[in-house]
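Some notes on the structure that comes next.
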Amino acid sequence: MNKFLMLFVAVATLVGCKKDEESSILINATSTIEDNQMSSILKHNYIDANIAFIPANEFPVSHNKEIVQGLISNAKYKSVNGYQYKEYIPKGEYVVLMQVSDGIYSSLSSVYTFKKVSTLNEKGSFNNVMVFSIKRDGDYQVWVDKYKD
C-alpha cells in the first residue's frame, strides 16, 4: 500500500510539473552599460540592477523612480542587485522593468527603464538586453536594445 501511495504521489507531481511548464514560458532580461572607462577597467559591460517582470495591465501610465521602486519591491517575479534575471512565468503581456542598483556606477543610482514584451508566442522572450547610458539626464532612460530582433 505504501509503495502504491508513493508511486501515485510521484506520478501526480510529475504531471503537475509538466502542466506548469506548458502554461509558462521562459523570459530573460539583462542590464548592461555602454562602453566607458570603467567598463574597460572591469573588462565587462554588465551593470547591477533590480529587475522585475510586471503584468502589463498592472504597469501605471504615470511613473517615477519611487513608483518604480514600489513596483519592483512588490513584484512576484523579480531579481535584486543582479545583471541578469531568467524566470518561467505564465504566458501573457509583461513589462520588463529595470532600476540601476550598481555601487560602481553610483551616479546612475535609481535610473530606470522599461520595455513591454509578450510571452504569448512559443519562443519566449530572450532579447531583453538593455544598454544604459553613463550620461544621466533624469531618472528615466529610454530602453536601448543591445541586440535588435
Can Thr30 and Gln84 be said to form a side-chain hydrogen bond (donor to acceptor under 3.5 Å, both in side chains), step by step? CA-CA 4 Å; Thr30 306; Gln84 187 174 51; 3.2 Å; yes
Which of Thr32, Val111, Val144 passes side chain to side chain contact (heavy atoms under 4.5 Å, CB included) with Phe132? Answer is Val111
With side chain to side chain contact (heavy atoms under 4.5 Å, CB included) as the test, pick out the partner of Asp139 among Glu66, Gln99, Lys65. Lys65
Following the transitive rule for hydrophobic clusters with a side-chain heavy-atom cut-off under 4.5 Å over Ile, Leu, Val, Met, Phe, Trp and Tyr, establish whether [X] and [Y] coincide in one cluster.
X: Val80; Y: Ile54; answer: no
X: Val117; Y: Ile89; answer: yes
X: Tyr77; Y: Ile72; answer: no
X: Ile104; Y: Met130; answer: yes
X: Val68; Y: Val142; answer: yes

Verdict with reasoning, Asp48 to Ser101, per side-chain hydrogen bond (donor to acceptor under 3.5 Å, both in side chains): CA-CA 6 Å; Asp48 286 345; Ser101 62; 5.6 Å; no
Working to the nearest 0.5 angstrom, can you tell me the gap between [X] [atom1] and [Y] [atom2]?
X: Lys76; Y: Glu58; atom1: NZ; atom2: CD; result: 10.5 Å
X: Ser118; Y: Lys91; atom1: OG; atom2: NZ; result: 10.0 Å
X: Glu34; Y: Lys146; atom1: CD; atom2: NZ; result: 11.5 Å
X: Ile47; Y: Ile134; atom1: CD1; atom2: CD1; result: 10.0 Å
X: Ser107; Y: Lys135; atom1: OG; atom2: NZ; result: 12.0 Å

Closest non-hydrogen atom pair, Thr113 against Gln141: OG1-O, 2.7 Å
Compare every heavy atom of Pro90 with every heavy atom of Thr119, then report the nearest pair and how far apart it is. OG1-O, 3.6 Å
For the CG atom on Asn57, are there more than 12 heavy atoms of other groups (residues, nucleotides or ligands in this structure) within a distance under 6.0 Å? yes
Passes side-chain hydrogen bond (donor to acceptor under 3.5 Å, both in side chains), Asn45 versus Asp35? Steps please. CA-CA 7 Å; Asn45 285 60; Asp35 290 333; 2.7 Å; yes
Do the side chain of [X] and the main chain of [Y] share a donor and acceptor less than 3.5 angstrom apart?
X: Glu93; Y: Ala56; value: no
X: Glu87; Y: Ile27; value: no
X: Ser109; Y: Ser106; value: no
X: Asp145; Y: Tyr147; value: no

Ring centroid separation Tyr83 to Tyr46 under 6.0 Å: yes
Hey, do the aromatic rings of Phe53 and Tyr85 have their centres closer than 6.0 Å? yes
Intermediate values then yes/no, side-chain contact (heavy atoms from CB on, under 4.5 Å), Ile33 and Val131: CA-CA 5 Å; Ile33 192 156; Val131 181; 5.9 Å; no
Taking side chain as C-beta onward, heavy atoms only, is Lys116 less than 4.5 Å from Phe59? no
Side-chain heavy-atom pair Met98, Asn50 within 4.5 angstrom cut-off: no
Show, in sequence, the C-alpha distance, side-chain angles and deciding distance for Asp102 and Leu108, and conclude whether the side-chain contact (heavy atoms from CB on, under 4.5 Å) test is met. CA-CA 8 Å; Asp102 199 314; Leu108 295 177; over 6 Å; no
May I ask you to decide if the ring planes of Tyr112 and His63 are parallel, tilted or perpendicular, using 30° and 60° as cut-offs? perpendicular
Using 30° and 60° as the class boundaries, would you call the ring planes of Tyr140 and Phe114 parallel, tilted or perpendicular? tilted
Determine, stepwise, if the pair Ile51 / Lys78 fulfils side-chain contact (heavy atoms from CB on, under 4.5 Å). CA-CA 6 Å; Ile51 304 170; Lys78 66 182 171 190; over 6 Å; no
